[in-house]
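Heads up, the thing below is written out as structure tokens.
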Amino acid sequence: MENTLKIYNSLTREKESFTPLTEGYVGMYVCGPTVYSDVHLGNCRTFTSFDVIYRYLMYLGYKVRYVRNITDVGHLEGDADTNAEDKISKKARLEALEPMEIAQKYANGFHDMMRVFNTLPPSIEPRATGHIPEQIKMVQDILDNGFAYVANGSVYFDTLKFIEETKAYGQLSGRKVEDLLSESRDNLKNQGEKRHPADFAIWMKAAPEHLMRWSSPWSEGFPGWHLECSAMSTKYLGETFDIHGGGNDLKFPHHENEIAQNMGSCNCSGARYWMHTNMLLMNGRKMSKSDGNTITPTQLFTGDSPHVSKGYSPMVVKFFMLQSHYRSTLDLTDEALQAAEKGYKRLMEGNKLLQQMAHPGNGSPAALDEEVKALIAQVHAEMNDDFNTPKALAVLFEAVTKINSLNAGHLSLNDLAPATLAQLKETFSHFIYDVFALTDEEGAGEGAGPIDSLMDLIIDIRQEARANKDWGTSDKIRDALQAAGIVLKDSKEGTSWAKA
RNA sequence: GGUUGGGUGGCCGAGUGGCUAGGCAGAGGUCUGCAAAACCUCGUACGGCGGUUCGAAUCCGCUCCCAACCUCCA
């Protein structure tokens, strides 16, 4: 097993060597979506990033338990202290459906989209509503430890006390505890039931009209937003586990509070490595449903949006995302997507050519052999360096140039050891299909199906015309196919085709 | 205002104290019946001002600008 994987830990703000708690096993928790409306592209980026991380960990030989929750209760809109409404509840009211229908509907949509992006389902996908007893237990533990207080049937985390006794608040987000404390005098007025502005609800008493409610020792109500992740990660991964991930925008307060809840309930720190994906931008600003700066995945696929000139396939979009590092913001523009589309095709075509190559079985390894071996090693090294997909792709592209040169006869397979060619094939196959999980969308023939037979026939007829120097017929075929969206590629080995 | 992260060639986007990122677009060439594809070559980019250094886009200071979080968001 490779033991050189480095992960950037948000908690320490450093790249650290990754050593799992239990050798050979990795426990990873990723904050999933709140299912109150259609998935948006930003979620797709985050979960695609973690899918690649999940897959690469498995590629390295780890047994990974990947837990990604679905939040279907407790996530409030607006200020929790005023007349906030649960997101799911609100949608249920607006659409005149059961809250569970809302959660199911959008969870289904989310799963469909994850499948479109060819991501693997997590090992466990727990729902907040399915873990109310666990959450009540955790609230009780926090109360018993003195880090929470009850007010009118709601339970609040006593952040102030937690800070005073443990000093363990604010590390993840870089918040200065003094700043949080100093706020107290100014904001004391509008705190409602909370004693301090930094306190947060871990159990909320439900208003009479509230649709989602469970009985608890304190009131009929529902759990606070941050609680489900603490409770469910503890349940399925233990009080301490390896990796906790999520979008950058969850760092504060969600993740900070999660840590506080873990500490407050069991004096354990939860995750050892925190990973945060950065935001997907459009027009240089965060994609956000609330201010309209957004495009849905479907709009992106169909091109039905003023932000794009045409539709882009899911794999092109995924490739586009992989071309940036997960910790960097990524600016979605039409021009960049067009570039990604061509790059994606170049990569996949290169892979196809490579996989079809047969080694002649003679010759002796030359400089080329060393170069290719170095590229193979480099792909792995880049991925080990905090999952650097853009760099790994860049290395694959360097290899594509070699592949194309071999194909064009500018380089010779005789300079490559058969084993090296086999390794290169494996590397491409593993990274493209198993780690990046890109799929072939080209539709180019592999000798199966009626279209392939037809194309073989058409290409054959055109070959005859060309042999007879009947350029009229030959060009007519080429132009007509072009108009139909099929591109012919002539080379010394013959003619192949691909969808434009 | 506080916190965090950024400002890289026409676009997107990596990265490092001195050695080519990569993709796309552009220029020239090879190949081709002509193209397309492919291959080769090229453009000498790192917000601004100082400093450290033999050498900085990469380190430090200052400054300008941008984004995210601090209220819900992956």
Side-chain angles (χ1 to χ4, degrees), chain A residues 10 13 30-34 36-37 39-50 75-82 84 87 170 172-176 178-180 182-183 198 225 245-254 256 276-281 284-291 319-320 323-325 327-344 346-347 349-350 353 382 385 388-398 400-401 403-411 466 469-471 474-475 478-479 482 487-492 495-496 498 500:
Chain A
S10 302
R13 302 187 213 310
V30 173
C31 286
T34 301
Y36 68 102
S37 70
V39 228
H40 84 150
L41 251 191
N43 295 56
C44 296
R45 183 193 186 196
T46 290
F47 299 128
T48 296
S49 295
F50 281 109
H75 207 155
L76 302 182
E77 262 186 359
D79 188 351
D81 300 309
T82 55
K87 288 184 173 215
L172 181 68
S173 57
R175 291 293 187 288
K176 282 189 184 147
E178 304 83 62
D179 293 345
L180 289 167
S182 68
E183 284 175 0
W225 173 38
N248 211 238
D249 49 358
L250 294 181
K251 211 186 261 182
F252 189 89
H254 185 61
E256 197 70 72
H276 289 95
T277 56
N278 218 135
M279 298 295 102
L280 183 63
L281 311 181
R285 321 190 104 258
K286 179 182 176 182
M287 258 197 198
S288 163
K289 278 186 277 198
S290 52
D291 64 9
F319 175 85
F320 168 71
Q323 271 197 305
S324 78
H325 187 89
R327 280 192 288 114
S328 299
T329 53
L330 171 60
D331 200 2
L332 183 95
T333 63
D334 193 54
E335 219 178 344
L337 283 166
Q338 287 190 24
E341 183 169 62
K342 296 199 176 169
Y344 164 74
R346 180 172 158 83
L347 178 70
E349 283 293 307
L353 283 174
E382 299 300 354
D385 184 12
N388 196 328
T389 57
K391 205 73 195 290
L393 280 171
V395 177
L396 289 182
F397 273 110
E398 288 185 44
V400 165
T401 300
I403 292 164
N404 285 331
S405 290
L406 284 165
N407 187 247
H410 299 144
L411 290 174
R466 293 180 72 201
K469 296 195 191 298
D470 178 3
W471 311 128
S474 143
D475 289 353
R478 185 175 67 194
D479 296 345
Q482 172 96 48
V487 179
L488 293 180
K489 297 175 185 174
D490 295 325
S491 76
K492 287 190 174 115
T495 301
S496 63

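A quick note: this is a predicted structure, and the numbers were derived from the prediction, not measured. Throughout, a chain's letter reflects where its sequence line sits, starting with A, and its residues are numbered from 1.
Comparing the P positions of B:rA68 and B:rA74 gives a spacing of 16 Å, expressed to the nearest Å. Separation of the P atoms belonging to B:rU8 and B:rC46 is 10 Å when rounded to the nearest angstrom. Rounded to whole Å, the separation between the P atoms of B:rU63 and B:rA38 comes to 49 Å. Between the P atoms of B:rC24 and B:rC31, the separation comes to 23 Å (whole Å). The same atom, P, is picked in B:rA37 and in B:rC12; the two are 24 Å apart, to the nearest Å. Straight-line distance between the P atoms of B:rG47 and B:rC42: roughly 25 Å, to the nearest whole Å.
Sorted by first and then second residue, the pairs that involve residues 330-341 of chain A and meet salt bridge (charged side-chain N to carboxylate O under 4.0 Å, His left out), not counting sequence neighbours, are A:K310-A:E341.
A:T401 and A:R346 form a side-chain donor-acceptor contact under 3.5 Å, judged by distance and modelled atom types alone. Of the N and O atoms on the side chains of A:S49 and A:R327, not one donor lies less than 3.5 Å from an acceptor on the other residue.
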A:S324 and A:R45: CA distance, side-chain angles, deciding distance, side chain to side chain donor-acceptor pair (under 3.5 Å) verdict: CA-CA 11 Å; A:S324 78; A:R45 183 193 186 196; 3.0 Å; yes
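A:H40 contributes a side-chain N or O that forms a donor-acceptor pair with the base of B:rA74 under 3.5 Å. On a pure distance criterion of 3.5 Å, no polar donor-acceptor pair joins the side chain of A:R285 and the base of B:rC66. A:R478 contributes no side-chain N or O that forms a donor-acceptor pair with the base of B:rA36 under 3.5 Å.
Across all strands, A:L41 comes closer than 4.0 Å to no nucleic acid atom at all (heavy-atom distances). Contact annotation for A:G284: backbone-only contact, meaning every heavy-atom pair under 4.0 Å involves sugar-phosphate atoms and none involves a base. Within the nucleic acid shown, A:N388 comes within 4.0 Å of sugar-phosphate atoms alone, with no base atom in reach, counting heavy atoms only. When heavy atoms are screened at a 4.0 angstrom cut-off, A:H325 is found touching the sugar-phosphate backbone but no base atom. Within the nucleic acid shown, A:D490 comes within 4.0 Å of at least one base atom, counting heavy atoms only. Here A:Q482 lies out of heavy-atom contact (under 4.0 Å) with every strand. Heavy atoms of A:S474 sit under 4.0 angstrom from at least one base atom.
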Which nucleotides of RNA chain B pair, in dot-bracket form (Watson-Crick or G-U under 3.5 Å, | meaning another strand): (((((((..(((.....[...))).(((((.......)))))....(((((..]....))))))))))))....
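Of the candidates B:rA14, B:rG23, B:rC72, B:rA14 carries the atom nearest the A:S324 side chain, counting heavy atoms from C-beta on. Distance from the side chain of A:R346 is smallest for B:rC24 among the nucleotides B:rA21, B:rG13, B:rC24. Side-chain proximity of A:S405 to B:rA38, B:rC40, B:rC72: nearest is B:rC40.
Nearest approach of A:L488 to A:R478, heavy atoms of both residues: CD1-CA, 4.2 Å.
By the 5.5 Å and 30° criteria, A:F47 is not stacked with the base of B:rA74.
The phosphate of B:rC70 has neither OP1 nor OP2 within less than 4.0 Å of any side-chain N or O from A:R175. Between A:S328 and the phosphate of B:rA14, there is a side-chain N or O to OP1/OP2 separation shorter than 4.0 Å.
Every residue two or more places apart in sequence or in another chain that forms a side chain to side chain contact (heavy atoms under 4.5 Å, CB included) with A:T389 is listed here: A:V52, A:L322, A:M383, A:F436. Checked against salt bridge (Lys or Arg N to Asp or Glu O under 4.0 Å), A:D490 has the following partners two or more places apart in sequence or in another chain: A:R462, A:R466.
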Using a cutoff of under 3.5 Å, can you pull out all pairs of nitrogen or oxygen atoms linking the protein to nucleotides 4-11 of chain B, with atom names and distances?
{"residue": "B:rC11", "atom": "O2'", "partner": "A:E335", "partner atom": "OE1", "Å": "3.4"}

Between protein and nucleic acid, restricted to nucleotides 25-29 of chain B and to nitrogen or oxygen atoms under 3.5 Å apart, what atom pairs and distances do you find?
{"residue": "B:rA25", "atom": "OP1", "partner": "A:K342", "partner atom": "NZ", "Å": "2.9"}

